[in-house]
Amino acid sequence: MVVLYANRYLLELIKEVNVMKTKSTAIILCFFGGWLGIHKFYLGQNVAGILYLLFFWTCIPSLIAFVEFFILVLMPDTEFNTKYNQGIASASGAVSAKDATSALADLKNLFDSGIITAEEYEEKRQKLLKSL
């Protein structure tokens, strides 16, 4: 059970370290470098990016990127964040009370089991309370 809490805590830290991908950057990369699959690498779809690189000479990736450009332009920001930012909250950062309560309980369990220090616990607790 302690391992489960530790894994959840580590995933939170990894999400904080990850830089949010922006929709406008993805659109620009798709428009100018879509034929090479640059936007696919930016969005974390490395296998698709490699396929674009392997077949760019056939012009098929150019046609697909043309369609993807319009898909990205028309995609709502919330859908973009859900799909490409692993569900990281948007700029508002609002968290429901139920989620915050659950996260606080998990955080307390991590602290009680000695996985995180008192400073880490207090920092995360303050962050969660501010997001309400």
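Computed from a predicted structure; not experimentally measured. We use all heavy atoms of the structure for the numbers below, so side chains are in, but hydrogens, waters and symmetry mates are not. Each residue takes its place number in the sequence, starting with 1.
Under a 3.5 Å cut-off, the side chain of Asn85 and the backbone N or O of Lys21 do form a donor-acceptor pair. Under the 3.5 Å distance criterion, the side-chain polar atoms of Tyr42 are matched with a main-chain donor or acceptor of Thr22. In this structure, Glu120 contributes its side chain and Thr117 its backbone to a donor-acceptor pair below 3.5 Å.
Between Leu110 and Tyr121, every side-chain heavy-atom pair lies at or beyond the 4.5 Å cut-off. The closest side-chain heavy-atom distance from Tyr84 to Gln45 is below 4.5 Å. The shortest side-chain heavy-atom distance between Leu104 and Leu129 falls under the 4.5 Å cut-off. Leu43 is not listed as a side-chain neighbour of Leu29, based on a closest heavy-atom distance of 4.5 Å or more.
Counting all heavy atoms, side chain and backbone alike, Ala65 lies closest to Cys30 at O-SG, 3.3 Å.
Surrounding CZ of Phe31 are at most 12 heavy atoms belonging to other residues, nucleotides or ligands under 6.0 Å away.
Hydrophobic cluster membership differs between Leu63 and Leu72, with clusters built from Ile, Leu, Val, Met, Phe, Trp and Tyr side chains linked at under 4.5 angstrom. Both Ile71 and Phe41 sit in one connected hydrophobic cluster of ILVMFWY residues. Membership requires side-chain heavy atoms under 4.5 Å apart, directly or through other members.
Ile64 belongs to a hydrophobic cluster whose other members, connected by ILVMFWY side-chain contacts under 4.5 Å either directly or through intermediates, are Tyr52, Ile60.
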* Asked: Can you list the steps and then say if Ile115 with Asn109 is a side-chain contact (heavy atoms from CB on, under 4.5 Å)?
  -> CA-CA 9 Å; Ile115 294 174; Asn109 288 333; over 6 Å; no
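The stretch residues 34-43 participates, sequence neighbours left out, in these salt bridge (charged side-chain N to carboxylate O under 4.0 Å, His left out) pairs: Lys40-Glu68.
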